[in-house]
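The figures here come from the full heavy-atom set of this structure, side chains too, leaving out hydrogens, waters and symmetry mates. All ligand and atom numbering here is 1-based and tracks the order in the structure.
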Amino acid sequence: MQKRTLWKLISVLTMMAAACGGGDGSSEDPAPPTEAAAPAFDPATAGNISGMVMIDGEMPAAEELTMNSDPVCAMSATNTMSNTFVGGNGHLGNVFIYVKEGLEGQSFPAATETVTLNQEGCRYTPHVFGVQVGQTVQIVNSDPTLHNIHATPTENDEFNMGQPIQNMTFERTFDSPEVMVPFKCDVHGWMNAYVGVVAHPYFATTGQDGMFDISSLPPGDYVIEAWHEALGTQTQNITVTTGGTAEVSFTFTVS
Ligand SMILES: [Cu+2]
């Protein structure tokens, strides 16, 4: 008799425990977030890409930007030269490089660090940059004047956000890969920037020395694309091997 009572008690407690779990069984599932955050490949097998972007022909002279329409800009700007062509000695900066093909079917969690796009001296800094799908972009107005950040994507949602007060910030993420999403300021026609939105973390922007590095890739065969805002795109096939560094160079020709 005592034994039957004990079993009945156990049975009731079991049903209560199930009811407290909300009936969705979530409390009993093995921790899915940990599994989702696991790397898509064994990092011990990773390789790297190192490269440079050259320009063949004379680098077009940087255009001087006229900022007289806003006295705050005219007085505060420290850089009034266009960022379209930067570099020197045959090396081309502000070129966006990314893995275009070869990572299909693999998923990479969005990077948790925030990328900042600053409006300072009535310019965007950086002028060309990349983010992962789902990674936060923080847009900052460091100027004591009105800017409006106007993104004009084709694959993502357009947005247009005024920032009338200095030090205002605004955060945004992008849902779909898109190379490139242009930004402009509708107040200051000379302000523009470009973000490459990529589904993985394997991208870079060349510095003024034209150099770039993309590290810790899964070994494999890839198509790498180089994008420049005035000179278009180029692709190359490369193979990344475990522990190796694949070297690649692109040359854009100007007439
Ligand atoms: Cu502006």
Side-chain angles (χ1 to χ4, degrees), residues 59-88 92-98 110-111 113-198 203-208 212 226-233:
M59 180 90 78
E63 175 192 354
E64 176 142 22
L65 307 171
T66 303
M67 302 185 182
N68 293 339
S69 60
D70 185 334
V72 173
C73 298
M75 286 190 298
S76 65
T78 56
N79 176 14
T80 59
M81 305 307 287
S82 163
N83 286 328
T84 301
F85 289 100
V86 297
L92 185 62
N94 278 342
V95 177
F96 185 69
I97 314 281
Y98 71 106
E113 60 264 29
T114 295
V115 176
T116 298
L117 176 62
N118 194 9
Q119 299 152 108
E120 185 171 29
C122 295
R123 306 295 300 276
Y124 288 118
T125 304
H127 181 61
V128 176
F129 65 106
V131 293
Q132 269 185 266
V133 170
Q135 185 175 8
T136 301
V137 181
Q138 182 186 55
I139 298 153
V140 181
N141 181 6
S142 295
D143 289 330
T145 192
L146 165 68
H147 292 298
N148 84 306
I149 184 84
H150 187 177
T152 56
T154 56
E155 305 299 322
N156 289 277
D157 293 334
E158 181 174 353
F159 63 88
N160 188 352
M161 180 68 68
Q163 292 186 319
I165 298 172
Q166 190 173 28
N167 297 324
M168 285 184 84
T169 65
F170 163 63
E171 292 188 346
R172 192 79 185 188
T173 58
F174 295 91
D175 296 331
S176 301
E178 184 172 352
V179 176
M180 304 290 284
V181 174
F183 289 111
K184 63 179 179 176
C185 175
D186 295 324
V187 181
H188 308 113
W190 62 85
M191 291 179 65
N192 67 336
Y194 300 89
V195 60
V197 184
V198 184
F203 55 82
T205 303
T206 59
Q208 297 228 0
F212 69 91
W227 172 98
H228 183 268
E229 67 177 282
L231 301 176
T233 59

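The Cu ion (ligand 1) has an N, O or S atom of H188 closer than 2.8 Å. Note on C122: not counted as a metal contact of the Cu ion (ligand 1), no N/O/S atom lying under 2.8 Å.
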message: For N148 and N160: C-alpha separation, side-chain torsions, deciding distance, then whether side-chain hydrogen bond (donor to acceptor under 3.5 Å, both in side chains) applies.
response: CA-CA 7 Å; N148 84 306; N160 188 352; 2.5 Å; yes

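In this structure, F159 and F174 have tilted ring planes: the angle between them lies in the 30° to 60° band.
For H147, the N, O or S atom closest to the Cu ion (ligand 1) goes by the atom name ND1.
Of the N and O atoms on the side chains of T80 and E64, at least one donor lies less than 3.5 Å from an acceptor on the other residue.
With sequence neighbours excluded, no residue satisfies ring pair (Phe, Tyr, Trp, His ring centres under 6.0 Å) with F212.
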